[in-house]
Amino acid sequence: MKVLKDILYKVSLTSTIGNMEVEVGDIVFDSRKVLSGTVFVAISGTQVDGHAFIETAIEKGAVAIICETMPEKLQGNVTYVQVVNSSKALGIMASNYFENPSEKLKLVAVTGTNGKTTTVTLLYQLFMEMGYQTGLLSTVENKINELTIPSTHTTPDALSIQKLLRQMVDAGCTHCFMEASSHAIVQERTAGLTFAGALFTNITHDHLDYHGSFDEYIKAKKKLFDELPKDAFALVNADDKRGMVMLQNFKGSGHTFGLKFPADFKAKIISNTLEGLELEIDNRQVWFRMIGQFNAYNLLGVFAIAVLLGEEEEEVLMQLSKVPGAQGRFDKIAMYGITAIVDYAHTPDALENVLKTIQGVRTGGEQVITVVGCGGNRDKTKRPVMAKIATQFSDKVILTSDNPRDEEPMSILREMEAGINPVDFKKTLVIEDRREAIKTAAVMAKKGDIILVAGKGHETYQEIKGVKYPFDDRQVVAELLNLLNKD
Ligand SMILES: CC(=O)N[C@H]1[C@@H](OP(=O)(O)OP(=O)(O)OC[C@H]2O[C@@H](n3ccc(=O)[nH]c3=O)[C@H](O)[C@@H]2O)O[C@H](CO)[C@@H](O)[C@@H]1O[C@H](C)C(=O)N[C@@H](C)C(=O)N[C@H](CCC(=O)O)C(=O)O
Ligand SMILES: Nc1ncnc2c1ncn2[C@@H]1O[C@H](COP(=O)(O)OP(=O)(O)OP(=O)(O)O)[C@@H](O)[C@H]1O
């Protein structure tokens, strides 16, 4: 049990009614999860306003209410605390409740449109290789050393973050690497966290359905850097137009990395093949298992963070060259002379990067067959753009379903088709069923060909009308290539 006044330490309060010394058993921000003796935080969300559930929360046993507007009817035995921002209050309260775990380890956030999962996973793998007890919060999985905890979000809610960090500290972790999505930053899921540093990878067209405009999306990312403590470091991609924007209001120590423009941390690509990347970093030539220019950025970012955290450069490069990287990110399945690549690319920029990477490692007359779809209930503007990119950089394209969610798969596919240049229709097929689409690609492929299955990466399901059906691109690809045994 904790005293309400203590868990409200550092929260901006507007007014209070009732006993601030009341003991609370837990913090809850969903009325459906309220138990007797808890404090309920009312948050105005994207779907509903949590303030509408204050009465229900009290009926279920909440002893204290945190809200932005005081309810008209007050109950005598309940404490009401009015705050400036409930979401922010939740983060700070959760940190106090779990005894500020982020202050007890080195916590680094990675933000940007693409490369977050890859970067934090590489950091986690690197620090584990270097012998540190390490935590990870990522889209694919959360880790406390070897223990895997399934992930529901790129960045969990504020309460879950603090709870996971507490478990990490209790398990002896000295470092944690986490993704900070723009949704999470805007919704204050990162409030109350003490960061040792943060990295900006890049920013391109995504999530405009949520943020409304590109400027708002940039502002969301920048907020993370604006709010970093003075003793933290910020590392930004110097080759991204918005890299320096992130540092504008930052008062701590700002650093840059890049392949093209002058930067504090620089790398040069020596060779880039389907087998791996050779980079020159810090006057040393190092071979890595990852493929493609974008991974040169990710690897350099990881190297720079490790150095900024005080690690020795040579040791970092030696260990980094061994790590495998994230699941479903340029995952290679080579069978019967055909190379299939499963990649999570689900934004125009990521798709273009992956396809350019494949073009860059092509050796001769092999064809590139791309299987790609776009998710339902998400940013529609990227649909025609992604189809156009797929046809631009592939010899054959099969448009198929991603996670259609509540939308009709064929209407998503028609929106994708609208972006295709008429001369490219002859190389494009539309096959709604994802398994059939992958099978067709496998049938079409000849020895030496490269099949890209884009969009779902590590996901093990396909979400159709509220139901998650088991579907793992990596398994389906391997199974179908095996079945068709091209020997
Ligand atoms: C659009 C969005 O981001 N929504 C997130 C947000 O929910 P919300 O505040 O909008 O929820 P809401 O339904 O309007 O409810 C408002 C409040 O009322 C409460 N409530 C609601 C109903 C009720 O009966 N009682 C009650 O108390 C809710 O618990 C909530 O506190 O806050 C919740 C808690 O943190 C998140 O779980 C939820 O993520 C939803 C499920 C989601 O799908 N989010 C995606 C878009 C997301 O966050 N993605 C990013 C990654 C994006 C990327 O890079 O690809 C991520 O970090 O995962
Ligand atoms: N630094 C990068 N720049 C551009 N594209 C990248 C970069 N790193 C990875 N990608 C591409 O973007 C896709 C998503 O990568 P990753 O999962 O690491 O990014 P993310 O930012 O975590 O995205 P999400 O939050 O949607 O998972 C990869 O599959 C790859 O194709």
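Below, each value reflects all heavy atoms present in this structure, side chains not excepted, and no hydrogens, waters or symmetry copies. Treat the numbers as computed from the prediction; the structure is a model and nothing was measured. Order of appearance sets the numbers: ligands from 1, and atoms from 1 within every ligand. When a residue number appears, it is its place in the shown sequence, counting from 1.
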Mark up the atoms of ligand 1 that fall under 4.0 Å of a heavy atom belonging to [X], in ascending order.
X	answer
F40	27 (O)
I43	16 (C), 17 (C), 18 (O), 31 (O)
G45	8 (P), 9 (O), 10 (O), 14 (O), 16 (C)
G50	18 (O)
F29	19 (C), 27 (O), 28 (C), 29 (O), 30 (C), 31 (O), 34 (C)

Taking distance alone, with N or O pairs closer than 3.5 Å, would you say D49 contacts ligand 1? no

Polar-atom distance check: D157 versus ligand 1, any N or O pair below 3.5 Å? no

Are H255 and F257 an aromatic pair by the rule of ring centers under 6.0 Å? no

Closest candidate by heavy atom, reference [atom], pool [options]:
atom	options	answer
atom 4 (N) of ligand 1	R32, H346, R378, Q187	Q187
atom 10 (O) of ligand 1	I54, T56, T46, T347	T46
atom 18 (O) of ligand 2	L299, T118, N298	T118
atom 7 (C) of ligand 2	Y297, F330, F294	F294

Side chain, backbone, both or neither: which part of [X] has a heavy atom under 4.0 Å from ligand 1?
X	value
Q47	both
R189	side chain
S181	side chain

So, are K388 and E352 salt-bridged, with charged N and O less than 4.0 Å apart? no

Identify whether the distance between the nearest side-chain nitrogen and carboxylate oxygen of R383 and E407 falls below 4.0 Å. yes

For N403, side chain to side chain donor-acceptor pair (under 3.5 Å) partners two or more places apart: K456, E459

Side chain to side chain donor-acceptor pair (under 3.5 Å) filter on D331, not counting sequence neighbours, yields none

The ring pair (Phe, Tyr, Trp, His ring centres under 6.0 Å) partner of H458 among Y344, F471, F330 is Y344

